[in-house]
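Position 1 is the first residue of the sequence, and the numbers go up from there. Owing to the predicted nature of the structure, the values given are computational and were not obtained by experimental measurement. All values below come from the heavy atoms of this structure, side chains included, with hydrogens, waters and symmetry mates left out.
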Amino acid sequence: MYYANVSQQLPHTSRVIEVTGNGKVMATPNYVQIQIEVQTRGKNVQEAQQENAIIMNRVIQSLLALHIPRENIQTAFYTISPVYDYEDGKQIFKDYEVTNAITVKVTDTSQIGEIIDSAVENGANRISSIQFNIDNVDAYYQQALSLALQNAQMKAKTIAETMHLPLQPQPIEIVEELEKAPVLYRSMAMVDSKIPTPIEQGQIAINATVRVKFQY
């Protein structure tokens, strides 16, 4: 934030106050995306692939049994990589690692813990991300943007009144600074099937920032 020094200015010199306005709106997520992975290893790549396919099919069937629509289950990535050990500076082949990752869109956020537990019970060995989202994020962003503009006006007015400056009410320039603030939870730990996995969705903060210039 800054304002121009008015002392010893020429009468028609353009004088500007520039302020940054911030706005924030809190929203409750209405869906979540979970990334579930199955990793298998084997000396033989075909065996590692076959084991991986059997486990992932079992995981997917467990999700379908929880009434997750098939169209909400999507492959995120699939990799096959050799794994090496190093002895005396030499690279020694150990085995192959096969990773199959799927993303699952869950619209009933109360199911999250149950879905994770079911996936783990059926062979998933990595939950790499849980990301909460909202479908109508733009509507919330417009509210945050309006608050940011009000905040900028208030700041400029405070500066002008404090410094006794004749502030023009209409801004001469507005710059919107785009930013994203997703709420992302990550988990690497295995789950004890006897204890339901607690997942708290909380709220998502939708932020807006503008830089605004006023003349005085």
Side-chain angles (χ1 to χ4, degrees), residues 1-36 68-69 71-77 101-113 115 127-188 198-216:
M1 181 189 306
Y2 72 88
Y3 57 88
N5 187 345
V6 297
S7 61
Q8 299 181 346
Q9 293 280 352
L10 295 175
H12 300 291
T13 299
S14 176
R15 298 169 300 180
V16 175
I17 294 174
E18 180 175 331
V19 293
T20 299
N22 300 290
K24 179 169 72 173
V25 175
M26 303 302 295
T28 300
N30 62 353
Y31 76 94
V32 64
Q33 283 192 310
I34 307 172
Q35 186 159 298
I36 299 171
I68 302 299
E71 59 268 25
N72 286 3
I73 303 172
Q74 184 177 37
T75 299
F77 63 86
I102 59 172
T103 56
V104 183
K105 181 179 179 180
V106 183
T107 54
D108 181 358
T109 55
S110 67
Q111 277 190 296
I112 301 168
I115 286 168
I127 308 298
S128 53
S129 74
I130 302 175
Q131 185 169 359
F132 293 97
N133 294 289
I134 36 182
D135 284 319
N136 56 337
V137 66
D138 189 61
Y140 289 101
Y141 179 75
Q142 298 303 324
Q143 296 177 37
L145 186 60
S146 178
L147 292 173
L149 289 166
Q150 293 174 37
N151 181 244
Q153 281 188 311
M154 196 159 41
K155 286 181 177 179
K157 183 179 178 182
T158 298
I159 293 171
E161 290 178 351
T162 303
M163 302 302 296
H164 305 290
L165 303 175
L167 186 72
Q168 298 297 316
Q170 297 300 320
I172 59 172
E173 181 178 292
I174 300 173
V175 178
E176 178 187 11
E177 295 185 348
L178 297 177
E179 59 180 77
K180 283 189 175 182
V183 177
L184 180 63
Y185 295 85
R186 296 189 182 275
S187 173
M188 306 296 289
I199 301 292
E200 297 297 330
Q201 67 179 30
Q203 287 191 309
I204 294 177
I206 296 92
N207 296 284
T209 302
V210 292
R211 287 186 291 108
V212 185
K213 292 182 180 180
F214 294 87
Q215 277 187 325
Y216 65 92

Requested in this report: List in chain and number order the residues that pass side-chain contact (heavy atoms from CB on, under 4.5 Å) with Q111, two or more places apart in sequence or in another chain; answer none if no residue qualifies.
Outcome: L66, I68, V106, D108, E114, I115
Report task. Output yes when a side-chain donor or acceptor of K155 lies under 3.5 Å from a complementary backbone atom of G21, and no otherwise. Result -> no
**Report entry** Considering all heavy atoms, the nearest K24-A205 contact
**Finding:** CD-CB, 3.9 Å
**Report entry** Candidate pair K157 and Q153, rule side-chain contact (heavy atoms from CB on, under 4.5 Å), full reasoning
**Finding:** CA-CA 6 Å; K157 183 179 178 182; Q153 281 188 311; over 6 Å; no
Query raised in the report: Say you draw a straight line from CD1 of I172 to CD of E18; how long is it, rounded to the nearest 0.5 Å?
Result: 9.5 Å
Report summary line: Applying side-chain contact (heavy atoms from CB on, under 4.5 Å) to A27 and not counting sequence neighbours gives I134, Y140, I206
Query - side-chain hydrogen bond (donor to acceptor under 3.5 Å, both in side chains) partners for Q168, two or more places apart - result: none
Query raised in the report: Where is the tightest heavy-atom contact between P171 and V212, given as atom of each residue plus distance?
Result: CB-CG1, 3.4 Å
Query raised in the report: To the nearest 0.5 Å, what is the distance between CZ (R15) and CG (L167)?
Result: 11.0 Å
Query raised in the report: Can you tell me how far OH of Y216 sits from CD1 of I159, rounded to the nearest 0.5 angstrom?
Result: 10.0 Å
Query raised in the report: What is the distance from atom CD1 of I34 to atom CD1 of I112, rounded to the nearest 0.5 Å?
Result: 5.5 Å
Query raised in the report: If you measure from NE2 on H164 to OG1 on T162, what distance do you get to the nearest 0.5 Å?
Result: 7.5 Å
Query raised in the report: Can you name the residues that form a side-chain contact (heavy atoms from CB on, under 4.5 Å) with L145, not counting sequence neighbours?
Result: Y141, Q142, E176, A208, V210
Requested in this report: Without swapping roles, check the side chain of N151 against the backbone of N22 for a donor-acceptor pair under 3.5 Å.
Outcome: yes
Query - Donor-acceptor side-chain pairing of Q33 and T103 below 3.5 angstrom - result: no
Report task. Mind checking the CD1-OG1 spacing from I130 to T109? Nearest 0.5 Å is all I need. Result -> 12.0 Å
Query - Contacts of E173 that satisfy salt bridge (charged side-chain N to carboxylate O under 4.0 Å, His left out) - sequence neighbours left out - result: K213
Report task. Just jot down the side-chain hydrogen bond (donor to acceptor under 3.5 Å, both in side chains) partners of Q143, sequence neighbours excluded, or say none. Result -> none
